[in-house]
Amino acid sequence: MYDKEHGLYIAHCSNGALSIVGKMANRHGLIAGATGTGKTVTLQVMAESFCQAGVPCFMADMKGDLSGISQVGKLSGFIEKRLPEFFPPKDNGEEAKAEDAPRTSFDTSSFQSCPVRFYDVYGEQGHPMRATVSQMGPQLLSRLLQLNETQDGVLNIVFRVADERGLMILDLKDLRSMLDYVSQHAKEYVTKYGNVSTASVGAIQRALLQLEAQGANQFFGEPAFDIYDLMQTEGGKGIMNVLAADKLMLQPKLYSTFLLWLLSELYSTLPEVGDMELPKLVFFFDEAHMLFDGTSKALLDKIEQVIRLIRSKGVGIYFVTQSPTDIPEVILGQLGNRVQHALRAYTPKDQKAVKTAAETFRANPEFKTEDAIMNLETGEALVSFLDEKGAPSIVERAKILFPLSQIGAITEGQRLDIIKQSRIFGKYDTMVDRESAYEMLMKEAEEQRIAAEEEAAAAEEQEAAEKEAKGSKKAGMMSKVWKAIATAVTSTLATVLGTYVSNKVTGKKTKSKTSTTGKVVKNATSAATRTITKELTRDILGNLTK
């Protein structure tokens with residue numbers, strides 16, 4: 001709970017209330033403990049306190065339990081059993097006065113709900129949350145697709161080419177089109193960016209196919225989610241943004257990469273604000289070990305940078321996991337506000353994890369931290385928050401407060417009513433598919449196809465015209481040849497006939513018919529040859545002078 005006296009009141013111990021200092025809430029935190037020890041309830045109590053202080057929160061709901069934060073709580077056997085822990089009776093049996101209790105007096109009117117917005121990557125149990133492929137970027141996408149170093153390099157080339165050509169990669173079909181385009185034009189980019197092998201492109205395409213099978217088509221696209229929708233209040237309370245993650249959890253890479261993208265968006269978008277009296281947003285990262293499983297050194301460095309610097313943007317990140325050893329040491333050292341529930345130590349590995357967890361706390365001389373971790377009951381935890389100066393307080397064995405909202409899931413009808421009453425209802429529901437890389441490349445390919453067809457048609461027409469011209473020229477030449485032959489034969493025959501008639505008149509002897517005919521043919525052939533040669537010479541000289 002939150003009040004002016006105790007602030008962000010989370011737990012109480014023998015020394016009094018244990019509260020998170022408001023201006024230190026952006027120094028991040030850790031909620032750890034074995035399954036069934038009360039991590040989810042602790043998360044709910046923390047979120048309620050931030051909500052009442054006017055700080056919005058974002059949290060993933062793995063089993064649907066956190067949806068109960070939207071409903072007013074009520075007395076139950078669990079809470080009635082725990083009331084004496086917070087309000088111990090007087091020795092004479094009278095109820096303790098407020099000043100004797102670790103918190104103010106309690107009655108059923110103290111139960112309250114929180115304003116809630118439900119989100120779902122698949123758009124089934126809440127408002128859809130989408131990102132464009134460009135927003136995700138090649139580094140996070142490479143992790144999501146589990147690419148090797150060579151394939152990661154090819155993916156970076158694809159993004160670079162898209163930037164140079166002004167092509168937007170919004171959804172998976174855009175990315176597929178760009179991969180196909182770069183593969184087809186690989187020779188053009190080999191000297192500038194390096195080799196783009198068909199095998200690498202094929203491997204990325206297969207990985208995209210698997211991603212589509214996981215429902216990623218519903219996540220990548222527009223309208224892209226506006227992170228400022230996470231940082232809103234209602235009636236003075238911070239809105240609790242609850243992500244339905246029961247289905248998303250079945251795809252661990254998609255889950256962790258999505259939340260990492262969300263953190264990156266917050267980091268890159270929000271302005272610097274420094275340390276505030278209260279953070280602008282608190283981000284709970286449940287099942288945090290998934291974020292670091294199989295993470296490359298480069299990406300781990302980026303995660304560290306985001307976590308280290310995002311606090312200056314007014315954002316606090318609280319990791320929820322089973323053991324502190326799930327978190328890399330370089331990041332664990334930045335988590336100042338800690339709640340450690342019980343751990344079990346049945347194997348040497350478990351015992352080592354308990355010892356490591358104990359060493360992360362500032363020791364309390366009243367008990368041995370390592371032993372206490374293994375003997376904590378449900379609802380109990382070791383608690384250490386940062387003080388006003390930012391130093392970790394001595395670890396205390398404490399009781400975590402019970403939630404003032406409902407413990408457990410709500411009905412589907414209640415969920416649907418909350419979704420419909422939300423101020424952002426309808427904002428993200430309809431997917432938009434505007435012109436991007438896929439459409440532009442398809443248009444370009446169609447234009448190239450039409451141009452190629454027109455060029456082929458023009459070539460055919462030119463070839464036909466040339467054939468026709470060649471045929472006409474040949475026909476003209478043959479006509480000239482036959483004309484020359486006919487002229488020559490006619491001329492020769494006329495000469496022979498004239499000679500014959502003349503000889504008859506004068507009484508001279510004529511040559512034999514055979515001799516005369518041969519001479520006619522010979523003369524005609526010679527005349528025709530001279531004519532053809534003359535015509536060919538004229539045509540050749542005519543062509544040369546053109």
Side-chain angles (χ1 to χ4, degrees), residues 27-30 32 60 131 133-160 162-163 169 175 179 193-197 199-201 203-204 206-208 210-211 214 216 220 248-249 251-269 283-313 315-336 338 349 352-353 356-357 359-360:
R27 302 295 178 94
H28 313 317
L30 174 69
V133 175
S134 293
Q135 282 179 317
M136 180 70 74
Q139 190 176 39
L140 289 181
L141 195 60
S142 177
R143 178 182 189 271
L144 185 58
L145 298 174
Q146 302 182 56
L147 305 181
N148 60 32
E149 187 176 349
T150 302
Q151 295 158 1
D152 176 66
V154 170
L155 190 63
N156 275 277
I157 292 173
V158 169
F159 273 78
R160 178 66 66 85
D163 287 341
I169 308 179
L175 182 56
L179 282 164
Y193 298 122
N195 186 42
V196 178
S197 69
S200 294
V201 172
I204 298 173
R206 288 192 296 274
L208 286 175
Q210 294 175 357
L211 198 61
Q214 297 175 12
F220 289 108
L248 187 61
M249 274 296 298
Q251 312 297 340
K253 284 291 182 184
L254 182 57
Y255 166 74
S256 59
T257 307
F258 163 70
L259 292 189
L260 183 54
W261 162 77
L262 205 54
L263 284 177
S264 300
E265 281 293 294
L266 289 167
Y267 170 70
S268 61
T269 305
F283 193 105
F284 291 96
F285 204 129
D286 204 356
E287 299 295 338
H289 65 279
M290 294 183 180
L291 177 62
F292 306 105
D293 288 346
T295 301
S296 66
K297 178 65 166 59
L299 188 56
L300 188 62
D301 290 342
K302 181 178 179 180
I303 295 172
E304 179 197 353
Q305 180 190 42
V306 169
I307 293 171
R308 179 164 45 87
L309 299 179
I310 202 171
R311 68 179 183 85
S312 65
K313 308 292 183 86
V315 178
I317 303 172
Y318 287 71
F319 292 98
V320 184
T321 190
Q322 292 200 7
S323 171
T325 57
D326 295 334
I327 312 293
E329 288 186 10
V330 69
I331 293 174
L332 186 63
Q334 299 180 46
L335 311 182
R338 301 189 183 185
K349 183 179 179 180
K352 184 178 179 180
T356 301
E359 291 173 348
T360 62

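Position 1 is the first residue of the sequence, and the numbers go up from there.
For T321 (side chain) and A32 (main-chain N/O), no donor-acceptor pair under 3.5 Å exists by modelled atom type. Looking only at distances, no side-chain donor or acceptor of Q334 sits under 3.5 Å from a matching main-chain atom of I331. Judged purely by atom type and a 3.5 angstrom limit, T360 uses its side chain to pair as donor or acceptor with the backbone of A357.
Residues P138 and D152 approach most closely at O-OD1, 4.1 Å, considering heavy atoms. Considering all non-hydrogen atoms of both residues, L248 and F258 come closest at CD2-CD2, 4.3 Å. Nearest approach of H28 to V315, heavy atoms of both residues: CE1-O, 3.5 Å. Taking all atoms of both residues into account, the shortest heavy-atom contact from M290 to R143 is O-NH2, 3.3 Å. Contact between G194 and I157 at its shortest, heavy atoms only, is O-CD1, 4.4 Å.
Two residues are said to be in side-chain contact when any heavy atoms from C-beta on lie closer than 4.5 Å; T356 and P324 fail this criterion. Within the 4.5 Å cutoff, the side chain of V154 has no heavy atoms near those of the Q151 side chain. Using a 4.5 Å heavy-atom cutoff, the side chains of T325 and L332 are not in contact. The shortest distance between side-chain heavy atoms of F159 and L155 falls below 4.5 Å. Here the side chains of D326 and F292 are not in contact, with every heavy-atom distance at 4.5 Å or above.
Using cut-offs of 30° and 60° on the angle between ring planes, the pair F284 and Y318 is tilted.
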Candidate pair L141 and F220, rule side chain to side chain contact (heavy atoms under 4.5 Å, CB included), full reasoning: CA-CA 11 Å; L141 195 60; F220 289 108; 3.9 Å; yes

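In this structure, L175 CG and L211 CG are separated by 9.5 Å, a value rounded to the nearest 0.5 Å. The CD1 atom of I317 lies 9.0 Å from the CG atom of L335; values are rounded to the nearest 0.5 Å. Atoms OG and CE, from S256 and M249 in turn, are 9.5 Å apart once rounded to the nearest 0.5 Å. Note that CE of M136 and OG of S264 are 9.0 Å apart. Values are rounded to the nearest 0.5 Å. The structure places CG of L145 at 11.0 Å from CG of L140, a figure rounded to the nearest 0.5 Å. The structure places CG of L291 at 4.0 Å from CZ of F285, a figure rounded to the nearest 0.5 Å.
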Donor-acceptor pairs under 3.5 angstrom involving side-chain atoms of residues 298-310: please list them, not counting sequence neighbours.
residue: D301; atom: OD1; partner: K297; partner atom: NZ; Å: 3.0
residue: D301; atom: OD2; partner: K297; partner atom: NZ; Å: 3.0

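Checking each of N195, T150, L147 against S200 for a side-chain contact (heavy atoms from CB on, under 4.5 Å) leaves exactly one that passes, namely T150.
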